[in-house]
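Below, read A as the first sequence line, B as the second, and so on, with proteins coming before strands; counting in each chain starts at 1. Source: prediction; values computed, not measured.
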Amino acid sequence: MKELDPMVFLAVFQEMLGPMLWVLILLALAGIAAFAVLLLREKGLSSQRLVRAEIAGLFGGVAALVLAARFTVSGFSDAGGPVDWLLIGLIWGVGLAGTTILVYSVAGWTALLRKR
Amino acid sequence: MNGDNRERHQAFPQLSRRGFFALGAAAGLGALVASPAAATQSARVKSSARIVIAGAGAAGLAAASRLMQRLDGAKVILLDRRQEHFYQPGFTLIGAGLKPQSYVVSGTADYLPQGVEWIQERAAEFDPEGKRVVTDAGRAIPYDYLIVATGLSLDYASIEGMDTKLIGSNGIGSIYASPEAASATWKLMSEFADKGGVGLFGRPATEMKCAGAPLKYTFITDDYLRRRGNRGKAELTYTAHNKALFSVPIVSEKVRMLFQDRQVKVRHDHVMTGIDPGRKVATYRTPNGSAEIPFDFINVVPPMRAPDPVRNSPLRWQEGIFAADGWMEVDKASLRHKRFDTVFGVGDVAGVPKGKTAASVKWQVPVMVDHLVAAIEGKTSDSVYNGYTSCPLITRLGQAMLVEFDYQDNLVPSFPGIVAPLEELWITWVMKTMALKPTYLAMLRGRS
Ligand SMILES: Cc1cc2nc3c(=O)[nH]c(=O)nc-3n(C[C@H](O)[C@H](O)[C@H](O)COP(=O)(O)OP(=O)(O)OC[C@H]3O[C@@H](n4cnc5c(N)ncnc54)[C@H](O)[C@@H]3O)c2cc1C
């Protein structure tokens, strides 16, 4: 009877972000698609570009934490237990992965289009 | 006892599953978004019933939304004079200087489900025998089913010398009265945190909405004093109406420890009866007679009672602990009136042992709707509300304890082993500041 309903998640995020939710989802999907197509085109990862993207990703992770701190008027100095560190890691991880994929794809596609 | 246990298990059959999901739910949203009822997926019930809902607050709007999802052809009428909608849990954040007044104010019309008729009048008289409600404009509105969701009334007038007009002056704050009052209280509290002095906190002896709020405000004030380096210049006192700090013993004990840690003095058995704004003195009824405490800053939390139209109606409890303040006599498991079976009562107005919170509303409404729809179909429902309520108890800026409990004072944590119930955590603070309002708004729309 009482289940975790994905529709409820969607409803809550819709209330939280409004139309921004769709922009963000589109951005994420576009980033992942651009990344996937790039991989197919280039038949693999460019390790040099990946390293650079990952370095950018480190900062992306930090930016995610700064954003979270701003929205919650608090910060990781407020961590009180293990689950807080987990959450901080998760936020940082999402920022890192997102930025890495985005930077890698943008750099890759710029290079590809320039070659033409 | 056995029966009670069964209640608990019916309402929380999937704790471990929910706990499992918690890890995936980045902001710990799981507890909030667990869906209370199967409502939407079942086929809509055809009905020509006329359902009147008195009060378009948290419970009234949520009920209207769910009824429209469940019924096809029924006439649903909402009665409320107020045009604005207040997200009241946000009052605490305004009082803490963290959010502007606009954070809590929206319009009732924003949440009105399609097809619902909104009559902008107050219910003035309930006539359950004649099955009709009379409004303050003198209009009689007949019903087949009535849902009373009028919330409660803040009885500032019963504190001698107190008037809501005083809020914001003479050191008198009160985050309960309105968004403006919460904002005015923040200004006073901030001044107090700069200067120090005597800060007074407490709660009324009546039932009250969000019993955690007065505690939160004490902790927040303490934290501001510390952050501004003035804690040494201040004395904080919390006056409790009885011998406990919270109705759930294990929570009360935890708060006692935290107050000790933060050097908040506690005076038990103190019920506020008057205030003298000129002398800045509050008066209390104690077992040893009347006592006065001077203050530089006070957060007044008034006695709370059922609104007059309910108190003066046959719907009220006739005897027992809920009778004096006129709370509605409903069955605590189904929220159905004990004497008038076409009447239901949800939200703050319900005379049930616990749970005058928006979190309770979220779990009460689907159960009540199950029973109402079953009644329309000529069936019965076995949906049970177990008293679940929750309160993210802010203990300092940036941390809160997620306190969830039921009628029996059991802790019912949504994430056992992950988000510990009585621990001061950032994740709980993140939920309170980020996820609670969207969850509440989704509830108004019948979507959470
Ligand atoms: C300072 C503060 C902090 C809080 N913190 C929390 C929290 O952290 N977590 C939480 O879950 N809850 C919290 N709450 C409690 C929560 O806001 C209430 O429990 C919830 O709003 C109750 O919903 P309700 O529909 O019963 O009442 P309300 O939302 O108050 O709505 C009642 C409605 O009925 C209308 N009405 C009144 N009389 C009549 C009448 N005679 N006829 C027609 N309409 C009428 C009113 O205009 C109003 O619109 C807090 C409340 C306050 C004040």
Side-chain angles (χ1 to χ4, degrees), chain A residues 1-25 27-28 32 57 60-99 101, chain B residues 10-14 17-18 20-30 32-38 40 93 96-99 363 366 383 395-401 415 418-420 423-435 437-448:
Chain A
M1 195 173 113
K2 296 172 176 65
E3 288 180 30
L4 214 98
D5 182 345
M7 289 311 288
V8 178
F9 258 106
L10 182 68
V12 171
F13 276 102
Q14 263 180 332
E15 295 290 350
M16 193 188 289
L17 298 166
M20 263 304 277
L21 176 66
W22 303 113
V23 176
L24 287 178
I25 289 177
L27 200 74
I32 292 168
V62 173
L65 282 178
V66 171
L67 274 183
R70 272 199 52 182
F71 283 125
T72 63
V73 218
S74 61
F76 46 95
S77 55
D78 292 312
V83 63
D84 288 345
W85 292 108
L86 201 75
L87 179 61
I88 287 166
L90 213 71
I91 294 174
W92 188 72
V94 169
L96 179 132
T99 316
I101 292 178
Chain B
Q10 277 186 351
F12 289 89
Q14 305 200 348
R17 176 142 167 237
R18 288 164 67 188
F20 171 79
F21 271 103
L23 273 170
L29 275 168
L32 305 162
V33 300
S35 163
T40 39
L93 298 179
L98 299 172
K99 298 281 182 191
W363 296 89
S383 277
T395 54
R396 56 160 55 104
L397 299 166
Q399 285 187 346
M401 304 191 297
F415 311 119
I418 298 166
V419 180
E423 203 143 314
E424 301 176 72
L425 295 171
W426 181 59
I427 194 170
T428 312
W429 170 269
V430 173
M431 280 190 223
K432 167 84 192 167
T433 50
M434 296 279 291
K437 184 179 164 190
T439 309
Y440 173 94
L441 297 181
M443 170 186 88
L444 298 186
R445 300 189 207 278
R447 298 183 67 193
S448 79

What part of B:R445 lies closer than 4.5 angstrom to a heavy atom of chain A: side chain, backbone, both or neither?
side chain
Side chain from CB out, backbone as N, CA, C, O: work out which of these in B:L425 comes under 4.5 Å of a heavy atom of chain A, or both, or neither.
both
Side chain to side chain donor-acceptor pair (under 3.5 Å) involving B:E423 - partner list, sequence neighbours excluded
none
Please find the pair of heavy atoms, one from A:G95 and one from A:A64, that lie closest to each other, and give the distance.
CA-CB, 3.9 Å
Against chain B, residues from residues 78-85 of chain A with at least one heavy atom under 4.5 Å, in numeric order, are A:D78, A:A79, A:G80, A:G81, A:V83, A:D84
Could you tell me which non-hydrogen atom of B:T439 sits nearest to which non-hydrogen atom of B:S448, and how far apart they are?
O-OG, 3.0 Å
How close do B:K99 and B:T433 get, heavy atom to heavy atom, and via which atoms?
NZ-O, 4.3 Å
Side chain to side chain donor-acceptor pair (under 3.5 Å) involving A:S74 - partner list, sequence neighbours excluded
A:T72, B:W426, B:W429
Can you tell me which residue among A:M16, A:Q14, A:E15 is in a side chain to side chain contact (heavy atoms under 4.5 Å, CB included) with A:L21?
A:Q14
Residue set satisfying side-chain contact (heavy atoms from CB on, under 4.5 Å) with A:A11, at least two apart, ordered chain then number -> B:A442, B:R447
